[in-house]
There are 2 protein chains.
Amino acid sequence: MIIVRETTKIGRMSRYDPSAFPPFAVTVDLVVLTVRDHELCALLVKRGEAPFQGYWALPGGFVRLDEGLAEAASRELAEETGLRAQSFPGSLPVGQTPAGVHLEQLATYGHPQRDPRMRVVSVAHLVLAPDLPSPRAGGDASSARWAPVSELLGEEQCDGVPLAFDHGRILADGVERARSKIEYSSLATAFCPPEFTVGELRRVYEAVWGVVLDPRNFHRKVTGTPGFLLPSGGTTTRQGGRPAQLFTAGGATLLNPPMLRPEP
Amino acid sequence: MIIVRETTKIGRMSRYDPSAFPPFAVTVDLVVLTVRDHELCALLVKRGEAPFQGYWALPGGFVRLDEGLAEAASRELAEETGLRAQSFPGSLPVGQTPAGVHLEQLATYGHPQRDPRMRVVSVAHLVLAPDLPSPRAGGDASSARWAPVSELLGEEQCDGVPLAFDHGRILADGVERARSKIEYSSLATAFCPPEFTVGELRRVYEAVWGVVLDPRNFHRKVTGTPGFLLPSGGTTTRQGGRPAQLFTAGGATLLNPPMLRPEP
DNA sequence: CTAATAGTGTCTGTGAGACACTATGGA
DNA sequence: TCCATAGTGTCTCACAGACACTATTAG
């Protein structure tokens, strides 16, 4: 039987007795990814207090008792970067602003010893943003930076030092989510400014996947997928060469057939 | 034991002050899916106490302070069904027993009002199991049942009554995860007994997707994908007709190219 | 025999990858 | 002029879907 009424034993209490339950702290952590200078980068903040004082960590913070998880992630994002990401209910919490900043729940990490001081369960969220001017962390610019994920992954370290807590694993999971999700969705446009060229979108795929794609086949593929790109009418030569058409993200979210990530 | 010292300033406390944090209850809920009689079914338990007394709900329970999330899900699964699912660390917590029972984290649900009594954050997990004899809920068989998801979804109700809490949405998310994951992984074998035929595997796909697949093309596809199926040598006529080769699940987890789910 | 399922072979259309070729700007 | 990038056309191979046909059991 599931129900036990003794409230003294934390591990064996009634399943839904509201007066006695094991108390957890719940936080949100953010994997904020962008493409800068042909490289996939993640936002890191420097910890100012123990434990892991002086280590780089993912931005995040406590969930308040009166706010939802996506709401908390959104608030932390705004507090630490000034970005605004709108969340709305859906099949798995996913949000996207008109500007293209994308927020979705990633996974939850709750190993009993992941925080040495107390039992913390962290609901990690993934944010995909276009290239941003420069990070600010609550006004303190020196304690936040964009770090290329290639330096962070593999060894899971930053300047030779691992990230705080289990943030190396969370970051790796977030990067893998982003890499696989741009295969079958139009999410790569979240890394682009409101108007972008096919070449700029291709460079996003190349940076996220770390590969080189054939420009001609890529062009044929993305312009031939209905709903992926909407021509905005204008052109630009900001990449040099022949003027390129400008596009905005189309309404389609799922790409069928998907973009294929080349094998190693 | 963790003590909350400052209960007055819940919303504005220091990010990592261990002596003061908003206290949450953390639970795991389980979306346990199986294929019975050509139908995708989910395990439900009947609630014996308020709120939602008498309603059907997903199995689940509190996470203990000394166990991880997958561990808690595993324990609840064993307590409520007798199944054993092994969990191990990986990119997003995923586990699979030799017998094929598969456990993975699904998503986390933490709307402030999802439980009317207190603030509960629930980490939902997805379990895929082969057809099982009959459910038992801690020995109380009358309070657990397999319900076809077709009756539960769409209207998100059961016998005309919705599931307790937000379990209708959690179930819908779990079913969608299962439906999409058998496209590009060999996870459909988790619904099969240790040895199975190509026809039995095809009926799993048909039940989960709710479609009819061409037996010849399906056979060519799955037997032609390296690492998906391993011939076990034996044959069976349990489905009638010509004896069919028996297979076990191969080592491959990702199918490339994927199985294609037919359009409506 | 018939019924049922298992398994193979063949054709066709779609689309990805490779790559030649043309188009249009700037230095 | 050269050089860079944009964009089109064409060929080939892989593979999904449709479906004819054979194989092997039970009844």
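Chain identifiers are assigned alphabetically (A, B, ...) following the order of the sequence lines, protein sequences preceding nucleic acid strands; residue numbering begins at 1 within each chain. In what follows, every heavy atom counts, from backbone to side chain, and hydrogens, waters and symmetry copies are set aside.
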Write down the distance between [atom1] ([X]) and [atom2] ([N]), rounded to a whole number of angstrom.
{"X": "B/H219", "N": "D/dG17", "atom1": "NE2", "atom2": "P", "result": "17 Å"}
{"X": "B/R203", "N": "C/dA6", "atom1": "CZ", "atom2": "C1'", "result": "10 Å"}
{"X": "A/F218", "N": "D/dT8", "atom1": "CZ", "atom2": "C1'", "result": "17 Å"}
{"X": "A/E183", "N": "C/dA16", "atom1": "CD", "atom2": "P", "result": "13 Å"}
{"X": "A/Q239", "N": "D/dA6", "atom1": "CD", "atom2": "P", "result": "7 Å"}
{"X": "A/L246", "N": "C/dG25", "atom1": "CG", "atom2": "C1'", "result": "14 Å"}
{"X": "B/L255", "N": "D/dA14", "atom1": "CG", "atom2": "P", "result": "20 Å"}
{"X": "A/Q245", "N": "D/dT5", "atom1": "CD", "atom2": "P", "result": "19 Å"}

### Query
Just checking A/P257: base, sugar-phosphate only, or nothing, at a heavy-atom cut-off of under 4.0 Å?
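Contact class for A/P257: sugar-phosphate only.
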### Query
Which part of the nucleic acid does A/R238 contact within heavy-atom distance under 4.0 Å: base, sugar-phosphate only, or nothing?
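Result for A/R238 = nothing.
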Could you check which of [options] has an atom nearest any side-chain atom of [X]?
{"X": "B/K221", "options": "C/dT8, D/dA16, C/dA16", "result": "D/dA16"}
{"X": "A/R202", "options": "C/dG7, C/dA6, D/dA6", "result": "D/dA6"}
{"X": "B/L260", "options": "C/dA6, D/dT8, D/dG17", "result": "D/dG17"}

### Query
Reading nucleotides 18-27 of chain D 5' to 3', which nucleotides get B (base under 4.0 Å from a protein heavy atom), which S (sugar-phosphate only), which -?
BBB--BBB--
#### Entry: Member of B/L44, B/D166, B/L30 meeting the side chain to side chain contact (heavy atoms under 4.5 Å, CB included) criterion with B/L58
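Checked B/L44, B/D166, B/L30 against B/L58; only one passes side chain to side chain contact (heavy atoms under 4.5 Å, CB included): B/L44.
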### Residues B/R169, B/D173: salt bridge by 4.0 Å N-O rule
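Yes, this pair counts.
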### Query
Do the non-hydrogen side-chain atoms of A/M259 and A/V222 ever get within less than 4.5 Å of each other?
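In short, these two side chains touch, coming nearer than 4.5 Å.
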### Task
Would you check if A/V212 and A/E206 make a side-chain contact, meaning some heavy-atom pair closer than 4.5 Å?
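Answer yes - side chains close enough.
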### Task
Using the test side chain to side chain contact (heavy atoms under 4.5 Å, CB included), find all partners of B/P215 that sit at least two apart in sequence or belong to another chain.
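Checked B/P215 against side chain to side chain contact (heavy atoms under 4.5 Å, CB included); matches are B/R202.
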### Task
Please list, chain by chain and in numerical order, all residues satisfying side chain to side chain contact (heavy atoms under 4.5 Å, CB included) with B/R261, sequence neighbours excluded.
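Scan of B/R261 (side chain to side chain contact (heavy atoms under 4.5 Å, CB included), adjacent residues dropped) gives B/E176, B/R179, B/S180, B/E183, B/W209.
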#### Entry: B/Y205 ring center within less than 6.0 Å of B/F218 ring center
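Judged by ring-centre distance (under 6.0 Å), B/F218 and B/Y205 do meet the cut-off.
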